[in-house]
Amino acid sequence: MTSEATISTSRTRIQKPGYRDYYWLRSFVAGGVASCCAKTTIAPLDRIKILLQAQNIHYRHLGVLATVFAVRQKEGILGLYKGNGAMMVRIFPYGAIQFMAFDKYKKLISKKIGKSEHIHRLMAGSMAGITAVIFTYPLDMVRARLAFQVKGEHRYNGIIHAFKIIYTKEGGLPGFYRGLIPTVVGMAPYAGFSFFTFETLKTTGLKHVPELLGKPSRDNPDVLVLKTHASLLCGGVAGAIAQTISYPLDVTRRRMQLAAILPDSEKCR
């Protein structure tokens with residue numbers, strides 16, 4: 001009897017408009033902060049990836065580790081974080097929009113289509129990723145331009161200056177959306193397989209080893225959620241699989257974003 005009362009109270013509380021609004025605000029903030037922390041952690045490797053993907057003339061003959069040491073020697077430790085400021089400006093709304101949109105799309109698809117749970121995850125993940133990309137793509141363009149710059153050869157002095165130069169010299173607003181098509185095409189499998197794999201691993205883990213991987217939710221003690229270490233593991237595996245599948249399109253996106261400032265830009269267009 002007490003258990004039924006607890007569940008009823010929790011459902012009533014979640015259905016209240018005020019609590020629902022607070023839930024989405026908390027989800028927005030939590031998603032953004034989590035994304036910022038994750039991207040800052042891997043920012044050095046992300047910058048190395050951009051330098052090698054677009055074949056920066058100073059580092060294209062080097063491997064990953066050699067490029068890390070070369071950047072540190074040429075530009076200092078902060079050189080590994082070049083473009084991270086623009087990434088933070090972008091990734092907070094990107095991560096928040098993606099996580100919020102996933103829940104919305106999943107519920108909508110469940111009502112309209114009524115397919116299996118796996119199809120819901122795949123479609124909702126793809127749609128959420130595409131939505132987040134479209135809203136934040138100009139910031140991704142600026143971030144790539146800043147990260148590709150090498151000390152002593154700066155074209156842009158910061159985020160605002162980069163926005164101004166791209167807008168005035170590359171055709172206005174369309175200049176910020178170079179490479180959008182391969183990005184959207186790549187985001188479908190990336191976001192879809194990322195959410196699909198994560199949700200599948202989570203469901204399987206909580207079903208078979210709940211005492212090892214699960215803990216009671218703070219919002220509803222009757223619902224199990226993943227422990228921190230389990231969530232990190234599932235997220236890492238999901239991200240690795242999704243990134244591998246969509247990587248060729250990611251290279252295409254970077255080449256198109258940076259075409260205007262590459263020495264052989266005319267060949268890339």
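Heads up: numbering here begins at 1 and tracks the sequence.
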| field | Residues clustering with Tyr247 (ILVMFWY side chains joined when closer than 4.5 Å, directly or via others) | value | Val251
Nearest heavy atoms of [X] and [Y], plus distance in Å:
X      : Y      : answer
Ala230 : Leu213 : CB-CD2, 3.8 Å
Gly129 : Gln98  : CA-NE2, 3.9 Å
Gly83  : Leu146 : CA-CB, 4.1 Å
Leu262 : Ala54  : CD2-O, 3.6 Å
Gly85  : Ile159 : C-CD1, 4.0 Å
Pro138 : Ile134 : CD-O, 4.5 Å

| field | For Asp250, all residues meeting side-chain hydrogen bond (donor to acceptor under 3.5 Å, both in side chains), sequence neighbours excluded | value | Lys49, Gln53, Arg253
Can you tell me how far the [atom1] atom of [X] sits from the [atom2] atom of [Y], to the nearest 0.5 Å?
X      : Y      : atom1 : atom2 : result
Thr67  : Ile48  : OG1   : CD1   : 5.5 Å
Lys39  : Thr41  : NZ    : OG1   : 10.5 Å
Gln55  : His61  : CD    : NE2   : 11.0 Å
Leu258 : Asn56  : CG    : CG    : 9.5 Å
Gln73  : Glu75  : CD    : CD    : 11.5 Å
Ser110 : Met123 : OG    : CE    : 10.0 Å

| Contacts of Arg72 that satisfy side chain to side chain contact (heavy atoms under 4.5 Å, CB included) - sequence neighbours left out | Ile77
| request: Using side chain to side chain contact (heavy atoms under 4.5 Å, CB included) as the criterion, list what pairs up with Met127, not counting sequence neighbours. | output: Tyr105, Ile109
Any chain of hydrophobic side-chain contacts (each under 4.5 Å) joining [X] to [Y]?
X      : Y      : value
Leu65  : Leu62  : no
Ile241 : Phe198 : no
Leu212 : Leu233 : no
Val237 : Phe193 : yes
Phe148 : Ile42  : no

Listed by chain and number, what are the ring pair (Phe, Tyr, Trp, His ring centres under 6.0 Å) partners of [X], not counting sequence neighbours?
X      : value
Tyr59  : none
Tyr156 : none
Tyr81  : none
Phe195 : Phe99, Phe102

Taking [Y]'s backbone N and O only, do any of them form a donor-acceptor pair with [X]'s side chain (distance below 3.5 Å, no angle check)?
X      : Y      : result
Arg254 : Ala144 : no
Ser231 : Lys227 : no
Thr168 : Ile165 : yes

| said: Can you pull out every salt bridge (charged side-chain N to carboxylate O under 4.0 Å, His left out) where at least one residue sits in residues 200-217? Sequence neighbours excluded, please. | reply: Glu199-Lys202
| task | List for me each residue that meets salt bridge (Lys or Arg N to Asp or Glu O under 4.0 Å) alongside Glu170, sequence neighbours excluded, and say none if there are none. | result | Arg145, Arg178
Please report, to 0.1 Å, the donor-acceptor pairs under 3.5 Å made by any side chain of residues 179-186, with sequence neighbours excluded.
residue : atom : partner : partner atom : Å
Thr183  : OG1  : Gly179  : O            : 2.6

| said: Under the criterion side chain to side chain donor-acceptor pair (under 3.5 Å), I'd like the reasoning laid out for His58 against Lys151: C-alpha separation, chi angles, the key distance, then a yes or no. | reply: CA-CA 11 Å; His58 297 283; Lys151 185 177 181 180; over 6 Å; no
| Would the number of heavy atoms belonging to other residues, nucleotides or ligands and lying under 6.0 Å from CD1 of Ile160 be above 12? | no
| request: Using the side-chain contact (heavy atoms from CB on, under 4.5 Å) rule, take Leu80 and Arg47 through it: C-alpha gap first, then chi angles, then the decisive distance, then the call. | output: CA-CA 6 Å; Leu80 294 170; Arg47 197 207 167 194; 5.9 Å; no
| Asp140 and Met87: CA distance, side-chain angles, deciding distance, side-chain contact (heavy atoms from CB on, under 4.5 Å) verdict | CA-CA 7 Å; Asp140 186 54; Met87 184 196 295; over 6 Å; no
| task | Kindly indicate, with the supporting measurements, whether the criterion side-chain contact (heavy atoms from CB on, under 4.5 Å) is fulfilled by Arg90 and Val142. | result | CA-CA 10 Å; Arg90 181 213 177 213; Val142 169; over 6 Å; no
| task | Could you walk me through whether Leu52 and Arg60 pass side-chain contact (heavy atoms from CB on, under 4.5 Å), step by step? | result | CA-CA 6 Å; Leu52 296 181; Arg60 63 187 179 188; 5.7 Å; no
| request: Output every pair passing ring pair (Phe, Tyr, Trp, His ring centres under 6.0 Å) with a member in residues 161-181, not counting sequence neighbours, ordered by first then second residue. | output: Tyr137-Tyr177, Phe163-Phe176
| task | Please determine which of Val89, Thr131, Thr136 meets the side chain to side chain contact (heavy atoms under 4.5 Å, CB included) test together with Tyr94. | result | Thr136
| Below 4.5 Å, heavy atoms only, C-beta onward: do Pro44 and Val68 meet side chain to side chain? | no
